[in-house]
Amino acid sequence: MEDYEKLTLWQAVRRWPRAVGMSLCVSLNILLWGYDTAIVGNVASMPVFQQVFGVQYGDRYIIPSLWLSLWSVGLPLGIMLGAVVGGYVQDLTGRKWTLGIGSFVSVVAILTCYVADLAGNKQSALLGGKLLEGIAVGVIMCSTQTYLSEIVPARLRGLVFALFSAFQLVGQLIAAVVVLGLLPVQGPTSYRVAIATEWPFSIFPLALAVFVPESPVWLLQKERTQAAHESFRRIHGPTVAADHEDLFEDMSRAVTEERWAAQDRTASYFECFRGANLKRTAIVVFANTIPDLFGLTLIGHASYFLQILGLTHSMSFIFLLLGILLGLLACVGSWWTLLRFSRRSLVLVTLSIVSVAWLAVGIAGCFKSTNVAYFCAAGMMIIVVVAGLGAWPASYVIASETSSLRLRSKTQGVGWLLGNAISCAFGFGVPYLYNSDAANLGGKTGFIYVALASLGVLVTWFAVPELKGLTAVEIDGVFEKNILVRRAETTQWRSVPGEKDAVPLRNILTSSSMASTAYNASVTSGGVGFVREHAGPKDAYESVWKR
């Protein structure tokens, strides 16, 4: 594993080309998330949509803050519900077929949004559609993150999960281009077509579920070892899989050990909040809130926000497109930064820079000038670039690799649930901060994000360990041994024995050894389990866990 960590980006891609290609295909699911996140704010800035769903405010139409907030909160609220459902369904049906279920729900949700303006209460109908779409996105995203975290070699985790932010921006870019192109269209056709363009992104996960192999980890958890090995071969290709059996053995060993540690109990949501898993779950939840802390909620409403500051419809869309393109380039650049630097350092440095940029936006908002809108737009583009190089993609990597394999689907569900609960608060509250009919802070909203980004820096410094390059077994060790946050990335703790003449339990348990090898277990005074030869597995199991 140490040799793998020395590979460059290109060497790693050449070593596992098929896994990279498959990960790229599965990551395309994120386009739906990015598109749907942007379509609410972008469609709301269309004049025809404002006339149909809004109210007259002075000499123009605006969307009331209440409905803008409710529509914004509909997606994260639905994602919360979908993540919990997805975490449960994944363990029943597998990772890939959960994608298909989410895909079907998404098609129905978009149909609801498409005909919302025909309902008696069109605002409520649109809200219902957005809520149902959020459930679908939650199921799809939770399953996508779990699946990728289980098939990607440790050296490529940064590269693959950097695609989350990159494809999210691509989805937003497509949404912005579609809405900009439909601005000249007269009548409800303009926003209806914009909503209908979500259908291709909704159908894709179902098509994907038909062709991709099931996660080897899930198959191992179901004790289908032969099927898991065949899936591993399909993911990496026969030749590469034969040359890297150590990856499959490490995966098998981690699953087996976690099953023993759990005494063959069925994984549950409650277990995510017990013992060492509580800290792991808390870190996953925090990682899911990092985009909200650096300001993604407000940036997602950039076109409407800039119009409030005084820009025209067309100019606000131009700045939105430019910001998305710059952010996309930054996310591509993060493929290098995530390999070169630690996740922890990237989050600390980039969030610090983001807090300074928001401070500048807040100060600009204190002045009344036609140039304030342009300055705020430039500041938001800088924030997207800086976050795209570090904190944004790093947050997905941290969330994906922190949980144990056994509880991964459940932990991802909890992470998306609680993370999007916080997103709901942001989605509901942020429009009230900047909109004309509420607090009307305008650019001074930047001061709020100075405090939020600084909070992210503090939590990362005190609570988030560095897990870059660690295997699933080693990540378990970081939390089970309660390694200090700033020591997790060092190598000394990995070789510290708990007893001179004993072999650590995790170093010998594999899926094959459980049934065929006899061991004798003992427990040190510190409570660490070890296994010696010449006793049955049942005796070993009971001796470890009685103490």
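Residue numbers start at 1 and run along the sequence shown.
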Practice item. Can you measure from OG (S355) to CD1 (I353) and round to the nearest 0.5 angstrom? Key: 9.0 Å
**Study point:** Separation between CG of L127 and CG of N121, rounded to the nearest 0.5 Å
**Key:** 9.5 Å
Point to revise | For the student: nearest non-hydrogen atoms of A391 and I290, plus distance | key: O-CG2, 3.8 Å
**Study point:** Check: L131 and W71 side chains under 4.5 Å, non-hydrogen atoms
**Key:** no
Study note, to complete from the structure: d(K410 NZ, S404 OG) to nearest 0.5 Å is 11.0 Å
Check your understanding: What's the shortest heavy-atom distance between G419 and N288, and which atoms?
Key -> CA-CB, 4.1 Å
Exercise for review: State whether the side chain of T289 and the backbone N or O of F286 hold a donor-acceptor pair below 3.5 Å, judged by distance alone.
Suggested key: yes
Review point. Are the side chain of S106 and the backbone of S103 linked by a donor-acceptor contact shorter than 3.5 Å?
Key: no
Check your understanding: Taking all non-hydrogen atoms of both residues, which atom of I383 and which atom of F294 are closest, and how far apart?
Key -> CG2-O, 3.7 Å
**Study point:** Over all atoms of both residues, closest heavy-atom pair of V384 and G323
**Key:** CG1-O, 3.8 Å
Review point. Donor-acceptor pair, S400 side chain versus V397 backbone, under 3.5 Å?
Key: yes
Review point. Side chains of T411 and V414: does their closest heavy-atom pair fall under 4.5 Å?
Key: no
Review point. Of the non-hydrogen atoms in V450 and L359, which two are nearest, and what is the gap between them?
Key: CG2-N, 3.3 Å
Point to revise | Charged N-O contact under 4.0 Å between E401 and R343 | key: yes
Check your understanding: Can you pull the ring pair (Phe, Tyr, Trp, His ring centres under 6.0 Å) pairs that have at least one residue in residues 360-384, sequence neighbours excluded?
Key -> F319-Y374
Practice item. Dump the intermediate steps for side chain to side chain contact (heavy atoms under 4.5 Å, CB included) on L298 and T445, then the final yes or no. Key: CA-CA 9 Å; L298 181 58; T445 308; 4.1 Å; yes
**Study point:** Beyond-backbone contact of F479 with L467, side-chain heavy atoms, under 4.5 angstrom
**Key:** yes
Check your understanding: Cation-pi between R344 and W461: NZ/CZ under 6.0 Å from ring centre and within 45° of the ring axis?
Key -> yes
Point to revise | Residues R95 and E150 bridged, charged N to O under 4.0 Å | key: yes
Point to revise | Heavy-atom pair with the smallest gap, counting every atom of A330 and V385 | key: CB-O, 3.3 Å
Point to revise | Side-chain heavy atoms of I422 within contact of L418, under 4.5 Å | key: no
Exercise for review: Answer yes or no: is there a side-chain heavy-atom contact under 4.5 Å between D36 and E133?
Suggested key: yes
Review point. Is the backbone of G78 close enough, under 3.5 Å, to the side chain of K130 for a donor and an acceptor to pair up by distance?
Key: no
Exercise for review: Go through the steps for L338 and K468 under the test side chain to side chain contact (heavy atoms under 4.5 Å, CB included), then give the verdict.
Suggested key: CA-CA 9 Å; L338 285 168; K468 180 183 178 183; over 6 Å; no
Check your understanding: Any donor-acceptor pair under 3.5 Å linking the side chain of S403 with the backbone of A399?
Key -> no
Point to revise | Donor-acceptor pair between T146 and S149 side chains, under 3.5 angstrom | key: no
Study note, to complete from the structure: Value for CG (L306) from CE (M380), rounded to nearest 0.5 Å, stands at 6.0 Å
Check your understanding: Given side chains that start at C-beta, do those of L31 and L28 come closer than 4.5 Å, heavy atoms only?
Key -> yes
Check your understanding: So S27 and T144, side chain to side chain contact (heavy atoms under 4.5 Å, CB included) or not? Walk me through it.
Key -> CA-CA 7 Å; S27 298; T144 298; 5.7 Å; no
Point to revise | Separation between CG of L389 and OG1 of T350, rounded to the nearest 0.5 Å | key: 8.5 Å
Exercise for review: Could you please spell out the steps behind the side chain to side chain contact (heavy atoms under 4.5 Å, CB included) verdict for V464 and V347?
Suggested key: CA-CA 10 Å; V464 180; V347 175; over 6 Å; no
Point to revise | Side-chain heavy atoms of Y35 within contact of V178, under 4.5 Å | key: yes
Point to revise | Residue pair I79 / I135, side-chain heavy-atom distance below 4.5 Å | key: no
Exercise for review: With sequence neighbours left out, write down each residue that passes ring-ring contact (aromatic ring centres under 6.0 Å, His included) with Y191, or none if nothing qualifies.
Suggested key: F49, F53
Practice item. Count the heavy atoms belonging to other residues, nucleotides or ligands that lie under 6.0 Å from CZ of F447, then report whether that count exceeds 12. Key: yes
**Study point:** Pairs meeting criterion ring pair (Phe, Tyr, Trp, His ring centres under 6.0 Å) with involvement of residues 111-160, two or more places apart
**Key:** Y114-W199
Practice item. To the nearest 0.5 Å, tell me how far L407 CG sits from T281 OG1. Key: 7.5 Å
